[in-house]
Amino acid sequence: MTPRTPKIPYGGDYNPEQWPQDVWDEDHRLFTRAGIDTLTVGVFTWSLTQPAEDTYDFTLLDRILDRAAAENRRVCLATGTAALPPWLAHQYPEVNRTDFEGRRHRYGQRHNFCPSSPAYRRLSTAIAAHLAERYAQHPALLAWHINNEYGGACYCELCAEAFRDWLRRKYVTLDALNDAWWTAFWSHRYTDWDQIEPPNALTEHWRGPDHTAFQGHTLDYFRFTTDALLGCFLAEKEAIRRYDTDTPVTTNFMGMFRPLDYHRWAPHLDFASWDSYPPLDAPPTWPALAHDLMRGLKGGAPFWLMEQTPSTTACRDVNPLRRPGELRLATFQAVAHGADAALYFQMRASRGACEKYHGAVIGHAGRDDTRVFREVAHLGAELAALGDATLGARTPARTAVLFDWDSWWALEISDGPSRLVKYQEVVHAYYRAAREAGADVDVIPQTADLTAYDVVLAPVLHMVKGDLATRLEAVADRGGTVLTTFLSGRVDEHDRAFLTDVPGPLAPLTGVRVDEWDARAPEFVQHIPELGAQARLVFEIVLPQGAEPVATYGDDFYAGTPAVTRHAFGEGEGWYVATALDQPGVDQVVRRVLDRHGLLGPYAGHPTVETATRVAPDGTRLLFLLNHAGKPAHLTAHATATDLLTGKETEAGDPLTLDPLGVAVLRLQERRQ
Amino acid sequence: MTPRTPKIPYGGDYNPEQWPQDVWDEDHRLFTRAGIDTLTVGVFTWSLTQPAEDTYDFTLLDRILDRAAAENRRVCLATGTAALPPWLAHQYPEVNRTDFEGRRHRYGQRHNFCPSSPAYRRLSTAIAAHLAERYAQHPALLAWHINNEYGGACYCELCAEAFRDWLRRKYVTLDALNDAWWTAFWSHRYTDWDQIEPPNALTEHWRGPDHTAFQGHTLDYFRFTTDALLGCFLAEKEAIRRYDTDTPVTTNFMGMFRPLDYHRWAPHLDFASWDSYPPLDAPPTWPALAHDLMRGLKGGAPFWLMEQTPSTTACRDVNPLRRPGELRLATFQAVAHGADAALYFQMRASRGACEKYHGAVIGHAGRDDTRVFREVAHLGAELAALGDATLGARTPARTAVLFDWDSWWALEISDGPSRLVKYQEVVHAYYRAAREAGADVDVIPQTADLTAYDVVLAPVLHMVKGDLATRLEAVADRGGTVLTTFLSGRVDEHDRAFLTDVPGPLAPLTGVRVDEWDARAPEFVQHIPELGAQARLVFEIVLPQGAEPVATYGDDFYAGTPAVTRHAFGEGEGWYVATALDQPGVDQVVRRVLDRHGLLGPYAGHPTVETATRVAPDGTRLLFLLNHAGKPAHLTAHATATDLLTGKETEAGDPLTLDPLGVAVLRLQERRQ
Amino acid sequence: MTPRTPKIPYGGDYNPEQWPQDVWDEDHRLFTRAGIDTLTVGVFTWSLTQPAEDTYDFTLLDRILDRAAAENRRVCLATGTAALPPWLAHQYPEVNRTDFEGRRHRYGQRHNFCPSSPAYRRLSTAIAAHLAERYAQHPALLAWHINNEYGGACYCELCAEAFRDWLRRKYVTLDALNDAWWTAFWSHRYTDWDQIEPPNALTEHWRGPDHTAFQGHTLDYFRFTTDALLGCFLAEKEAIRRYDTDTPVTTNFMGMFRPLDYHRWAPHLDFASWDSYPPLDAPPTWPALAHDLMRGLKGGAPFWLMEQTPSTTACRDVNPLRRPGELRLATFQAVAHGADAALYFQMRASRGACEKYHGAVIGHAGRDDTRVFREVAHLGAELAALGDATLGARTPARTAVLFDWDSWWALEISDGPSRLVKYQEVVHAYYRAAREAGADVDVIPQTADLTAYDVVLAPVLHMVKGDLATRLEAVADRGGTVLTTFLSGRVDEHDRAFLTDVPGPLAPLTGVRVDEWDARAPEFVQHIPELGAQARLVFEIVLPQGAEPVATYGDDFYAGTPAVTRHAFGEGEGWYVATALDQPGVDQVVRRVLDRHGLLGPYAGHPTVETATRVAPDGTRLLFLLNHAGKPAHLTAHATATDLLTGKETEAGDPLTLDPLGVAVLRLQERRQ
């Protein structure tokens, strides 16, 4: 239920409440010039719309929405509950979060409310209800945007109580909880629910949030926090639905954001949306992975790109500038991966405070002759020309990557074997290999239906829950390939080790047994001769139980033992990669797997050219070609197609050149069978 | 109103209260031997002179001052209020500071009183008054030394209240405050003064004191802290003045000390004094910059070097030894830059506690045959021989460097573009370039009268306040040169961006416009071909608006655009340096600027030889030559002069050799016109 | 009074309370197979044996001990008081420790009780008494194991009170305390005991536990903490002795563990025991030093190796695997240094919580065909074959290394000259040099009787107390050699500098005087030409007062002055090493010293071969040969001997080959005279 629009909504965060009204005229003049039709409004207006507990004042917001409507722009209306008004924090100190160190904060910043606070719940739903009542029928209203970038945990007494309630509902008995958390270890057997504390720096943790004495306890607090914040979202959504039964509701996610398990949230959003700020120097597959993860939240339905910077960030130690063409390339990459909107943070640069140097469509001088404004306006024109061609299109992936917050958490809060293995990095390495080989990839939760996939990649699947192992076996059984890696199949849903050979429930499928594993400092390199690759960090020693070696370790006392194995299972195969291969190593393994299923893309030999397919609701097949290099890419067209951006037609076999950072959106003439 | 003395006062911190009285005899024997005539006394005696709230006991202090007088030594008498007695902290817990993390401390260390504490105010002024009453007429008294190395902030409820009062006085209305702090951002509109919290780790900050959500708020707390501590100083000074109307009063500053804006303090001191502990491996221009900054506090009047170590520090991770000759060189450097006193911390090494390994004139064994004692005594003899030749002399600088705490703070608490740009480092690079080119330099506040200067260097002048831009334009108008750099002219006094082209009010003078800027990791290097130099960290993209390029970027998409520009303005020029040039790059730019005004020094070609000029009250011109190299410097005398240290005369054109680490104090025969 | 056993006890920590009883059968089957005869039980059972304050339940523990007895295994029974039950922490919040930051913790982790808590004292002694009453006569009982790895400080109000009492007892008067702590510095003169606070982040410290304003104050808190935890141990021991007058009592130490001065504890243990987890990449002499330190606790009596991992640790960032043979080598190294037991943590891997990946004899899959199990079982058989041959044997060392917690603390909390000098590293360098030269070494407290030693090495003996200097002089007087180093002889027992030439009381013996010292960053290297060695960090400038130079500094202004000296004293010598030599430098110095006394070992030329001698109670001389290299070591036998592990005899002069990581335990035929 993504909002219906005639074209890709284009625009973003707009805060006219920071400016005198004469600036508004200039804003709209520039919006028109840049093709901006959609404005995210109200994210930080709570202190204006409710200047005191018993006073609401929508004068300004009325004018903002009325003006938008008058200008034929649509509004994504935020409830604004992520940034408390000072009076609220002052009047209800309990609404301020208690941090991991056990310190109750006082008023400041944003994203800092206690999710268990009754005052917050009452007042946030009240403002949401007021907004819905007032604007449900407003012609500018396109979507609801609840809160903003939910995240962060609270450790106050209210949360402690709420956590205990959550545990009571989950475990029913203390015996069940003691068993799940394995409290016989270190004499932790609880005899009363009230003895249970939030796990933080004053209780079970040391050296920060990832070092805990009881992983099961900490995992449950992560899950509780996810649910507690989700509760806030749901309460606001319910308040909105009292007055507006059909406008789509979302909240803006943050891609691979560890604190919240978005898979638990996904069913409750009408459509997914997210803010893309990839790390410095990240390869293009990093944001791509996040896009695909977000698309996977709603079973492949298009999502909104709710925020990206038109030029620079501000909050990092070093904030590089998006170079000419990079914004356009990143935007089309988002569309290629399923975005049905392209929005910025922000329309006009704040004059003061910590985001004043954050990039904006309109800078402090208000010019329309800056490079950035020109690029934004050019892109606006291109998106207008594209019309509805991509809207509602879906990705026909036959390759899946499993992405699982529980495994992420369990891996990174584990003591041993190595604190240096990072979930995202390993997952990204496999995702990247598949994407650079030209495969369309769905990034899916471990509960997803796997029947559509020929290849399922499940790197560092540390935790295996429910019937997942059986469903993975079914993929192989019917001829598919499943790949998993070191540190997979280790623990159950409570982070208890499986009392069987490693990799636990994945052992039958992979045909291996692992009794021991070495971990080493990052300077230590193992050579994998068959791949000409290097491996680092963790080296599991594999005893094949039916699997055949694909590659072996070159060094140390386990030299010659398998580093990568393949196991015939049913009609298909189960692969196991026992160590952290470097990217060339992962690439080779993944390409062998994809090749078995004919999933290498037509341009797999061009490392800088990304391809992505979307199939429009009418069956039209669109192929996005994205050149991430600063040099032209010279391809040979693999099919007959029309570039929707230029109108140019290409026959199969024709030369096809992409400009530096260039993009083509090819409408394929013939369907691939 | 520097104290009147017949020669440079020589001596320093003396703590006989730590020792039995038989040690005192030995102390004075050694003082005589070393030419020590001035003792800083009472810095840490509060717990002795007031052993309980209602008990004062000056027996010991009487003996210390009487003995000094008997030995013909003078005393710089401290009020000692920087180190609380235990009973005070125990009896009035509110006097202990609450730190940035919101934690009320308990008794310990020093420099740890809450500046808003009524108990502290009452008791610190009482002890100051008692001291003044008792010693105002004492023959040994030479100067008052209030407190010690003021610094550090408190975040307690008393300070919160005091801060709100300070804000009320500054802004009068909450509307004005909301506008100044730009509180529409992140829904921070305050509706009651009581909602305002001190900005710290529990409110607006994260990742420490430099990361704040609201720069305007944090800046005001920096200013409030400056004023709150100044209030403590003023209260003590007033107490002293009740009994002693004319002895000069100072407090010892710490050079480039970020927490306090010394320019706000300067008018209230009778004379400036400071403690010089340059960082490890700092070039000689680093302490020189601090000396000149301190001299600039009182409009160029001489200051006191209140502390330096005769040999080593103790508090650093690594405390290197001053090598033979380094102490003498550093001392004459201080004198060359305006010091009219040369004092040490400390006379005799403490037997216990954290400074027992800090260097001292007299070590634990009490010897007079150590290398350090011999160097101290030799220097004492030289200063005695120098007599009053340098006292009261002033520096005839035609070059100024603007130094502005507000810009320092604003730059370093800013989110974006780069956390890696450090105010002191950039200012030092320009200062160093001018000094090494032989120019005498005044380091002045942005409010200073600029009419005396041919060249004004204003690096990273992030904040531009009041009529500064106009006054800078006036410098150029009358033929002078003004130079400013990247990240200048960005914000007003409230840290709000100027709503005009960058560099804001400096744009007319510099003739440039900057729409965008790149920031990169320190590994990234831009080449500046015209200068053969490198640039790093921040790269502003300059659109000349009348300025001509002096040097350009060599790389990236902005290759060929200007990195350094010069703009004809009135009779003079406005220069703009758009990036962080390395030292050779800065040197070339600054030398070009200085050369235009004939300000390159006669020994500018000798990189290790520092020169500095002072003009005595009778018009005698003194040229200090300081050889910072471990090898002799072979110069050709540029003028006829007599070296006051050796009595040797040199004719212009004669060879003039400086020993390794050698010093000459030349009385020039002819005035330079 | 080490427990009497017929062979080396073999086994370790066993937690059957974590498992259903059917697992117990499997456990014992595997124990038998691995030769495991000794089980450490009860370390974490408090929450089971006392599920509520008024309820004790020993059902499970009965079964564990009865089963052990039935299987002919012995039990080391823990009182389990290191891990609180949740109800206790919940009911008595004061029992939770207040950390260095002044934060009272809440329930979590282990090793976290306040040692001054009356509730803890009452309840911990009660459980100990109950256990002793119940199991004193149990046939399985072999030893008592009180608490577990004591350590860590508390800073609560109860501890503050207890600290003040401890100070009153030590100093009697505040004058004495003020003098000891040198409180005249920084105005700290205390006038009431209640003004004294625990030294922590809220009082005298900054930048953590090693940065204090008052070293004397902090040192006393370290000593108080040692005594406070010792008080907990003694109270439990007394409770046990009420019911069991003769079973030996221990607690497991942690080798070179800075927080506790084990020399203060040693008299109160019946035998010493410790847990060996050497740092990553530590050379073999690192654990050897710890073994010898532990052996030195009880005057050379054998100790127990209470814990080591059979394979990996879990709590480190990187947890490498013990390679094949390493476990056996480390175990025989322990025996070679005096261990009369070889125990593991742990028998069976925990299923959950933070040690689930810690190595274990039995892994999660319960297999007996893993490499690790096989190695454990093989070693079990070897130890069985060895029988009682090594039990009760003692080390006939003629070389001693002084190890002094007070010097360790004083050195590392000192401000100046260098924070980079680490006590353990310097001590280890000298220990290593002696051990690699083949000398048996006792590591002894500074109060130990020195008459047995020809060579006494006293590196970084920062603090010199009592009559130590006289006793060291006596060693030299009778012909022995004493060596000390830079930063020795600096302070008295209160950390007050000696008011004489450095090295204070050691000056007569060493014949040197040190007036000044340089400290430099680690990149700075001094060359010591006579040794072909390098020196770093600290460079004392030595003025010989009778000593002759052995080696000199090669660089800087003190080039040519002595870096190493030798002083004829009585019949012997006093050596002084004025700088931190690298290992080759230390090796040369120490070998020269040892050679003078004929103490170089027969295999001193084989750097990877460690030798260690033990003399059995019947006078049999055992020589352990340990090859730490991955290659065979080819030696020539220096004596006729029988290898107790293989039964093979070797004549003097025969070739003697050690396998890679190989071990020989030679029973020498002829006694060395």
Side-chain angles (χ1 to χ4, degrees), chain B residues 15 17-19 23 43-48 51-52 80 82-87 89-90 96 99 101 103-110 280-281 311-321 323-325 349-359 363-367 369-373, chain C residues 101-103 180-192 194-206 211-217 414-420 490-491 494-502 504 513 515-522 524 537 539 541 556-557:
Chain B
N15 305 104
E17 70 277 10
Q18 296 179 6
W19 300 96
V23 172
V43 178
F44 298 113
T45 52
W46 197 355
S47 66
L48 293 172
L84 305 170
W87 63 261
H90 189 68
N96 298 301
D99 66 18
E101 307 290 324
R103 305 175 304 184
R104 164 76 73 195
H105 282 229
R106 309 183 70 153
Y107 183 65
Q109 302 181 54
R110 59 169 181 172
L280 303 177
D281 306 322
S311 51
T312 68
T313 53
C315 63
R316 293 175 181 163
D317 285 353
V318 172
N319 298 279
L321 188 61
R323 278 147 178 73
S350 176
R351 189 172 183 194
C354 65
E355 290 186 345
K356 69 177 180 292
Y357 291 131
H358 196 290
H364 292 128
R367 288 186 171 276
D369 64 349
T370 65
R371 176 184 71 83
V372 169
F373 188 88
Chain C
E101 308 290 324
R103 306 175 304 183
W181 290 0
W182 208 247
T183 58
F185 178 78
W186 287 6
S187 187
H188 265 51
R189 188 157 232 290
Y190 293 100
T191 52
D192 191 310
D194 285 345
Q195 293 159 1
I196 299 170
E197 302 281 357
N200 66 14
L202 301 184
T203 61
E204 297 294 358
H205 281 254
W206 67 94
H211 287 72
T212 175
F214 284 81
Q215 277 72 17
H217 187 164
S414 174
D415 259 20
S418 172
R419 288 277 173 185
L420 308 182
R490 294 301 188 107
V491 296
H494 302 301
D495 199 68
R496 296 179 306 194
F498 292 114
L499 299 180
T500 58
D501 290 328
V502 169
R513 161 185 158 197
D515 289 349
E516 50 184 334
W517 41 89
D518 197 16
R520 301 294 294 269
F524 179 84
L537 301 183
F539 312 97
I541 301 177
D556 218 317
F557 77 91

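Model, not experiment: these values are computed from the prediction. In what follows, chains are A, B, ... by sequence order, proteins preceding strands, each numbered from 1.
Between B:Tyr107 and C:Tyr190, the angle of the ring planes goes over 60°, which puts this pair in the perpendicular group of the 30/60° scheme. Ring geometry for C:Trp182 against B:Trp19 counts as perpendicular: the plane angle is over 60°, on a 0 to 90° scale with 30° as the lower cut.
For B:Arg106, the CZ atom sits in a loose shell: 12 or fewer heavy atoms of surrounding residues, nucleotides or ligands are nearer than 6.0 Å.
Comparing C:His217, C:His494, C:His211, C:His205 by heavy-atom pairs within less than 4.5 Å of chain B, the highest count is held by C:His205.
The side-chain contact (heavy atoms from CB on, under 4.5 Å) check on C:Asp192 picks up C:Asp194, C:Gln195, with sequence neighbours excluded. In terms of the side-chain contact (heavy atoms from CB on, under 4.5 Å) criterion, residue partners of B:Asp369 (sequence neighbours excluded) are, by chain and number, B:Arg367, B:Arg374, C:Arg513.
In this structure, the side chain of C:Ser187 engages the main chain of B:Ser47 through a donor-acceptor pair within 3.5 Å. Panel note: side chain C:Asp518, backbone B:Pro320; no donor-acceptor pair is recorded below 3.5 Å. Remark: the backbone N or O of B:Glu355 is not paired with any side-chain donor or acceptor of C:Asp415 at under 3.5 angstrom.
In this structure the side chain of C:Glu101 never reaches within 4.5 angstrom of the side chain of B:Glu101, judged on heavy atoms.
Closest approach of B:Asn319 to C:Ser418, counting heavy atoms only: ND2-N, 4.5 Å. Between C:Thr191 and B:Trp87 the shortest heavy-atom distance is OG1-CB, 4.1 Å.
Atom OG1 of B:Thr312 and atom CH2 of C:Trp517 lie 7.5 Å apart (nearest 0.5 Å).
Interface remark: C:Phe539 contributes no atoms to any contact with chain B (heavy atom separation under 4.5 Å).
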